[in-house]
Amino acid sequence: MLLLSEFLEFLTWTVGLVNTRKRVEQAAYDFAAYGKENNILYAEVIINPSHWEHWEIGSLVEALTVGFDRAEADGLTDCRLLLSILRSQSADEALG
């Protein structure tokens with residue numbers, strides 16, 4: 001059985017592989033393409049910036065938005081971005 005801490009460690013490692021702006025944009029686009037292939041019309045994608053430690057939040061959001069917008073223009077799933085924070089984060093950390 002996979003523990004939550006193990007899953008979160010794997011998640012942080014996985015997002016570390018998406019380490020350039022181009023890769024972030026492509027990951028967003030590919031997610032929308034996956035949605036289209038599975039007949040999903042609309043998706044709300046939850047991102048917790050704390051897992052994307054090597055990214056400034058504004059740059060990450062911008063790159064994801066570019067990928068989602070390009071996908072929507074190509075007729076793929078309409079994806080919207082939701083930012084999440086951890087309960088343990090302070091207000092300053094959440095805004096960071």
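This structure is a prediction, so every number in the text was calculated from the model and none was measured. We count residues from 1, following the sequence as given.
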Review point. What's the shortest heavy-atom distance between C79 and F31, and which atoms?
Key: SG-CD2, 3.8 Å
Review point. Does the side chain of Q26 come within less than 4.5 Å of R70's, by heavy atoms?
Key: yes
Review point. Can you check whether F68 reaches R80 side chain to side chain, under 4.5 Å on heavy atoms?
Key: no
Check your understanding: Mind checking whether L81 and L11 sit in one hydrophobic cluster, side chains of I, L, V, M, F, W, Y counted as touching below 4.5 Å?
Key -> yes
Point to revise | Smallest separation among heavy atoms of S84 and P49, with atom names | key: O-CD, 3.2 Å
Point to revise | More than 12 heavy atoms from other groups under 6.0 Å of CG on L17 | key: yes
Check your understanding: Can you tell if the side chain of L41 reaches within under 4.5 Å of the side chain of T77, non-hydrogen atoms only?
Key -> no
Point to revise | Heavy-atom pair of closest approach, residues N19 and W55 | key: C-CZ2, 3.9 Å
Practice item. In sequence, state the C-alpha distance, the side-chain angles, and the governing distance for L60 and I47, and then conclude on side-chain contact (heavy atoms from CB on, under 4.5 Å). Key: CA-CA 10 Å; L60 176 63; I47 298 292; 4.1 Å; yes
Review point. Do Y29 and L76 come close enough that some side-chain heavy atom pair is under 4.5 Å?
Key: yes
Review point. In Å and rounded to the nearest 0.5 Å, what is the CG to CD distance from L8 to E6?
Key: 10.5 Å
Study note, to complete from the structure: When rounded to the nearest 0.5 Å, the distance separating CG of L64 from CG of L83 is 9.0 Å
Practice item. Find the distance between CG (L3) and CD (E9) and round it off to the nearest 0.5 Å. Key: 10.5 Å
Check your understanding: Rounded to the nearest 0.5 Å, how far apart are CD of E25 and CG of D30?
Key -> 11.5 Å
Exercise for review: Kindly give the heavy-atom pair with the smallest separation between W52 and N48, and that separation in Å.
Suggested key: CD1-O, 3.3 Å
Review point. Any idea which heavy atoms bring A63 and V24 closest together, and the distance?
Key: CB-CG1, 3.5 Å
Check your understanding: Where is the tightest heavy-atom contact between V15 and H54, given as atom of each residue plus distance?
Key -> O-CE1, 3.8 Å
